[in-house]
Amino acid sequence: MRLFTSRIVLKTPPHFNFWRAVYSHGWCALPPFRVDKENDTFSRLLELKDGSLAHCALSDAADALSVSIQSEKRVSHADKEEIRTQLSECFRMEEDLSGFYREAKLYPRYRWIPAVGAGRLLRAPTVFEDAVKMICTTNCSWSLTEVMIKNLTLLVGKKFVDEVGSFPNANAIAGLSESFVRKHIRAGYRSPYLVELAERVAAGKLDAESWRTSELPTNELFKQVRSVKGIGEYAAGNLLKLLGRYDYLGLDSWVRAKFYELHKNGRRVSDKTIEKHYAPFGKWRGLFFWLEMTRDWYSHKFPF
DNA sequence: GCGTCCAGGTCTACC
DNA sequence: GGTAGACCTGGACGC
């Protein structure tokens, strides 16, 4: 396949920390995201509106990201704008964290957050992809999540080059049988949940993309997210963080253990106790919580 | 190599 | 509203 190359520059907002955003949570290790540790780049295979694929390798530059594009076709001006938009969504360039940073500066133990520019959580170009990935993190090891997502991109997504496929859209997953998802994606009992979610989105019965701009109160939005089968308290709480709502903690076994270690000398406490601990941080509590639990990830530059 | 046990969230049925 | 059991997989472990 002949590939065309081009380059764009993506302006970044004040206090933007590229690698902090990349390593903000596990998404960077799930295809079609990829970290190239040797070349210090982070890449993403994007599917554009016309169905063509664009592989974007991002590297940090002063007040900007440099994006090297490889594509199956010549990249037009409109394509470049679409690539900018999709990558801006992933890095949440439009999200205003100034209120969060003002709050963080009030607490000595959280002043490191604005100082390093942490707080921007990486997300997929679409809510649908984030939701599918979140379901695939439930009730299993991280290695199994990696298997499921890799299988989705390679077996259902569009092939770009060997071992690199795009993330399948709702139509593609809606067209799969439950048995295929069980057998080949290895999603187990999550399979009917994934197919049902894709069918609802593909049929226009669920407008998940509108969640990012929803004006609903967070508790109402939480209920909508929870209405998706397979998305429970943990998955909904974490999906809301990717929608810019940080009112829920999204507890799972790993963060509970981390909280016990950091605050209770390893002693188990109830979820209510954890929630009470972060309640004073109001609408930012989920973000304070997550950043505190993962603070040490960045001390090893490549945690995944 | 095989069998058993366990961890990991969510759903459903039941109280 | 709270709880028990089922769901499925990979990994650890013992044989």
Side-chain angles (χ1 to χ4, degrees), chain A residues 25-27 29-31 121 123-124 127-156 168 170 173-174 176-201 205-206 208 211 218-243 245-262 264 266-276 278-279 285-286 289-290 293-294 297 303-304:
Chain A
H25 62 116
W27 265 208
L30 298 178
L121 307 182
R123 66 185 181 187
V127 176
F128 174 72
E129 180 179 327
D130 280 334
V132 168
K133 284 179 169 171
M134 203 61 79
I135 291 173
C136 292
T137 66
T138 59
N139 203 23
C140 65
S141 62
W142 181 250
S143 60
L144 181 54
T145 300
E146 290 181 311
V147 167
M148 288 187 258
I149 301 303
K150 186 178 177 190
N151 287 338
L152 272 175
T153 58
L154 293 182
L155 303 179
V156 191
I173 296 179
L176 302 174
S177 68
E178 193 183 307
S179 59
F180 177 91
V181 180
R182 277 180 197 273
K183 188 174 175 187
H184 298 288
I185 306 301
R186 310 297 293 167
Y189 70 92
R190 302 165 198 82
S191 305
Y193 304 150
L194 295 177
V195 173
E196 184 181 318
L197 167 63
E199 285 175 345
R200 287 178 66 192
V201 170
K205 291 176 181 169
L206 178 68
W211 291 345
T218 305
N219 60 335
E220 291 298 319
L221 189 58
F222 183 81
K223 281 182 198 165
Q224 272 198 21
V225 174
R226 281 282 279 109
S227 75
V228 175
K229 269 194 189 171
I231 296 185
E233 294 274 328
Y234 146 82
N238 283 300
L239 201 49
L240 278 178
K241 289 177 194 162
L242 302 185
L243 300 172
R245 313 281 191 119
Y246 306 102
D247 310 55
Y248 292 84
L249 302 186
L251 299 173
D252 66 9
S253 56
W254 184 84
V255 288
R256 285 189 187 98
K258 193 70 183 177
F259 179 87
Y260 306 153
E261 176 195 326
L262 293 178
K264 302 292 174 185
R267 184 173 57 86
R268 285 174 68 110
V269 293
S270 70
D271 288 356
K272 282 206 168 106
T273 301
I274 302 177
E275 281 159 14
K276 207 170 158 186
Y278 290 95
R285 57 189 180 271
F289 169 65
W290 180 251
M293 295 304 105
T294 58
W297 282 8
F304 299 102

>> Run A:Leu197 and A:Ile173 through side chain to side chain contact (heavy atoms under 4.5 Å, CB included) and show every step you take.
In response: CA-CA 9 Å; A:Leu197 167 63; A:Ile173 296 179; over 6 Å; no
> Checking only heavy atoms, does the side chain of A:Tyr189 share a donor-acceptor pair with the base of B:dG9 at less than 3.5 Å?
Replying inline: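 Answer is yes: a donor-acceptor pair is held.
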Distance in angstrom units between [X] [atom1] and [N] [atom2], rounded:
X        : N      : atom1 : atom2 : result
A:Lys183 : C:dC8  : NZ    : P     : 16 Å
A:Met134 : B:dG9  : CE    : P     : 12 Å
A:Leu144 : C:dC7  : CG    : C1'   : 13 Å
A:Ile185 : C:dG10 : CD1   : P     : 13 Å

So what does [X] touch, heavy atoms closer than 4.0 Å: a base, only the sugar-phosphate, or nothing?
X        : result
A:Ala235 : sugar-phosphate
A:Val228 : sugar-phosphate
A:Ile135 : nothing

Please determine whether a side-chain nitrogen or oxygen atom of [X] lies at a distance below 4.0 Å from atom OP1 or OP2 of [N].
X        : N      : value
A:Ser253 : B:dG8  : yes
A:Arg190 : C:dC8  : no
A:Ser143 : C:dG11 : yes
A:Arg226 : B:dC11 : yes
A:Arg186 : C:dC8  : no

> Does A:Lys223 come within less than 4.0 Å of A:Glu220, counting only side-chain N to carboxylate O?
Replying inline: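 So A:Lys223 pairs with A:Glu220 through a salt bridge.
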> Does A:Ala187 offer a backbone N or O that forms a donor-acceptor pair with the side chain of A:Arg182 under 3.5 Å?
Replying inline: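 A pair under 3.5 Å: no.
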> To the side chain of A:Asn139, which of B:dG8, B:dC11, B:dT10 is closest?
Replying inline: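 Between B:dG8, B:dC11, B:dT10, the one nearest the side chain of A:Asn139 would be B:dG8.
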> Just how far is it from atom CH2 of A:Trp27 to atom CG of A:Asp130, taken to the nearest 0.5 Å?
Replying inline: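 A:Trp27 CH2 to A:Asp130 CG: 6.0 Å, rounded to 0.5 Å.
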